[in-house]
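Every chain is numbered from 1 and lettered A, B, ... according to where its sequence line falls, protein lines coming before strand lines.
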2 protein chains.
Amino acid sequence: MNFTISEENYLKAIFHLQEKDGTVTTNALAEKLQTKPASVTDMMKKLSAKKLLNYKPYYGFSLSAEGKKIALFIVRRHRLWEYFLSEKLKFDWNEVHALAEELEHVSSKQLIDRLDQYLGFPQFDPHGDPIPDHKGKIKNVNKISLFDLPFNQMAEVLQVTNQSTEMLELLEHKNITIGTRLEVKKHFDFDHSVELKIKTTTLTISEQLAKNIFVTYEPGA
Amino acid sequence: MNFTISEENYLKAIFHLQEKDGTVTTNALAEKLQTKPASVTDMMKKLSAKKLLNYKPYYGFSLSAEGKKIALFIVRRHRLWEYFLSEKLKFDWNEVHALAEELEHVSSKQLIDRLDQYLGFPQFDPHGDPIPDHKGKIKNVNKISLFDLPFNQMAEVLQVTNQSTEMLELLEHKNITIGTRLEVKKHFDFDHSVELKIKTTTLTISEQLAKNIFVTYEPGA
DNA sequence: ATTATTTTTTAGGTTTGTCTAAATTTTAAA
DNA sequence: TTTAAAATTTAGACAAACCTAAAAAATAAT
Ligand SMILES: [Mn+2]
Ligand SMILES: [Mn+2]
Ligand SMILES: [Mn+2]
Ligand SMILES: [Mn+2]
């Protein structure tokens, strides 16, 4: 099966909305793809005719098993290119997405598998999102917001949800990056700010920042 | 200016035909792009309206200065990706072209300039074709077919024009690759085969093979 | 339970890039 | 120099992916 760039963009967008909100509406999809609801309906008919979507007019739609499988491969391509752009070409976090949005449509499976190998089979993209493997499978990692991390629990920064330049600047200044190991010492009741310990250094970050940082940990450690 | 994938493919194809044959015909272009002459004429009108082409109906067409400039940037992207695929992802010579045909349409100038830097500003693609620099300029190297190389003149293999698997196999067996330094010792009148010396080894190759290998040399050396 | 609002779909058009078949123009042959 | 052949362009259609405006269905508000 080969899909157009448009079909691929729709499949991926539906996948992401499904993941985030559980459900997808015509308007939400139109919004996400910067297009009009009428165009979305057109495409839903097309994708549904190709059995990539379960679709009942006025009832809504969701990816079929086949549709989800394809979406996962597009996500794989997107995230591997993001990793390449960030790791090898030294682009900033906030620059890689737009470029990957184009590169993801070069669909040779062999190309992507070789790229994966060349990059050393990375597990996460520069935003900390998991990269599906060559079978399209996403490894399940239990991640938790830094704000919800239990006290004195050593954890590792996995993902940063907000990717603005402003946030990047702040993280850089605080010396927090993906892979950083840290623990939460306490919460301040007044403004809910969070006290962290990184190695031997103690510092405080805002609630807002803490809620945008996701970490992973083994409850034993 | 931003161009569609189709427009880019046409511009590049016209550029190549111009280089090779000096002139381009509607039929030749249709042949090269696997499309129909009528479709070519349609596109010629479009590109000519965009001032990328000098076009007089029935008289023929050629790239304008602007059109040539754009074509050179597409060629740059194509060849840099080919180099990447070959050098970093270890694809064979004959596999890289098809993949680069898609990658070349990701048109971010910044991406390509960073890729160029990452690759160490390569001068030639895996087929020995020159890579235009970030200004779109092709460095002029005087190259000559191995068949036409003067006797006893040390030269370096630059380019292989036929890129079939069969030829690759033969070259590999003869230990000839891009960068190989060699000289021609004599031509045999019977079948026009060519005797070469590579380091201390002497070997013979066919006229057909010699005519597909291009070399460069400094007449002094 | 009506009425009003929002969401979604349909109807009818546009642009891009393609096609086939027919008409033109140029080039080659008789 | 007519006639035949080849090359090129035009005419008219079609699919993909959009759009706007109007209709239909589902939801929310009185
Ligand atoms: Mn995309
Ligand atoms: Mn990402
Ligand atoms: Mn191409
Ligand atoms: Mn090449």
> Is the shortest side-chain N to carboxylate O distance from Glu207(A) to Lys211(A) below 4.0 Å?
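Yes, charged N to carboxylate O under 4.0 Å.
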
> Rounded to whole angstroms, how far apart are CE on Met43(B) and C1' on dC19(C)?
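That distance rounds to 14 Å.
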
> Nearest whole Å is fine: how far is dT24(C) P from Lys56(B) NZ?
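About 21 Å, once rounded to whole Å.
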
> Please report the distance, rounded to the nearest Å, between CD1 in Ile5(B) and P in dA17(D).
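After rounding, the gap between these two atoms is 12 Å.
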
> Which is more 5' along DNA chain D, the nucleotide nearest Pro37(A) or the one nearest Thr41(B)? Just name the residue.
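In this pair, the answer is Thr41(B).
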
> Quick one: which of dA17(D), dT9(C), dC19(C) gets closest to the side chain of Lys36(B)?
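Of the options given, the side chain of Lys36(B) lies nearest dC19(C).
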
> Side chain of Ala38(B) only, please: which of dC18(D), dT10(D), dT18(C) is the nearest?
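The listed nucleotide nearest to Ala38(B)'s side chain is dT10(D).
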
> So if I take every side-chain heavy atom of Asp42(B) and compare against dT9(C), dT18(C), dC19(D), which nucleotide ends up nearest?
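Looking only at heavy atoms from C-beta outward on Asp42(B), the closest nucleotide is dT18(C).
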
> Between Gln34(B) (CD) and dT18(C) (P), how many Å, whole number?
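Rounded to the whole Å, the gap is 12 Å.
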
> As a test of reading the structure: which of dT8(C), dT9(D), dA16(D) is closest to the side chain of Asn27(A), going by heavy atoms?
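Nearest listed nucleotide: dT8(C).
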
> Rounded to whole angstrom units, what separation is found between the CG atom of Leu33(A) and the P atom of dA17(D)?
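Those two atoms, CG and P, are 13 Å apart.
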
> Measure from CE on Met44(B) to P on dT16(C) and round the result to the nearest Å.
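After rounding, the gap between these two atoms is 15 Å.
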
> Take atom OH of Tyr10(B) and atom P of dG17(C), then tell me their distance rounded to the nearest Å.
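Spelled out: OH on Tyr10(B) to P on dG17(C) is 9 Å.
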
> So if I take every side-chain heavy atom of Tyr59(B) and compare against dT26(C), dT16(C), dT18(C), which nucleotide ends up nearest?
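Among the listed nucleotides, the one closest to the side chain of Tyr59(B) is dT26(C).
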
> What is the distance from OH of Tyr58(A) to P of dT7(C), rounded to the nearest Å?
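So the two atoms are 14 Å apart, to the nearest Å.
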
> Please determine, by modelled atom types, if Ser64(A) and Asn54(A) share a side-chain donor-acceptor pair under 3.5 angstrom.
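The answer is no; no qualifying pair exists.
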
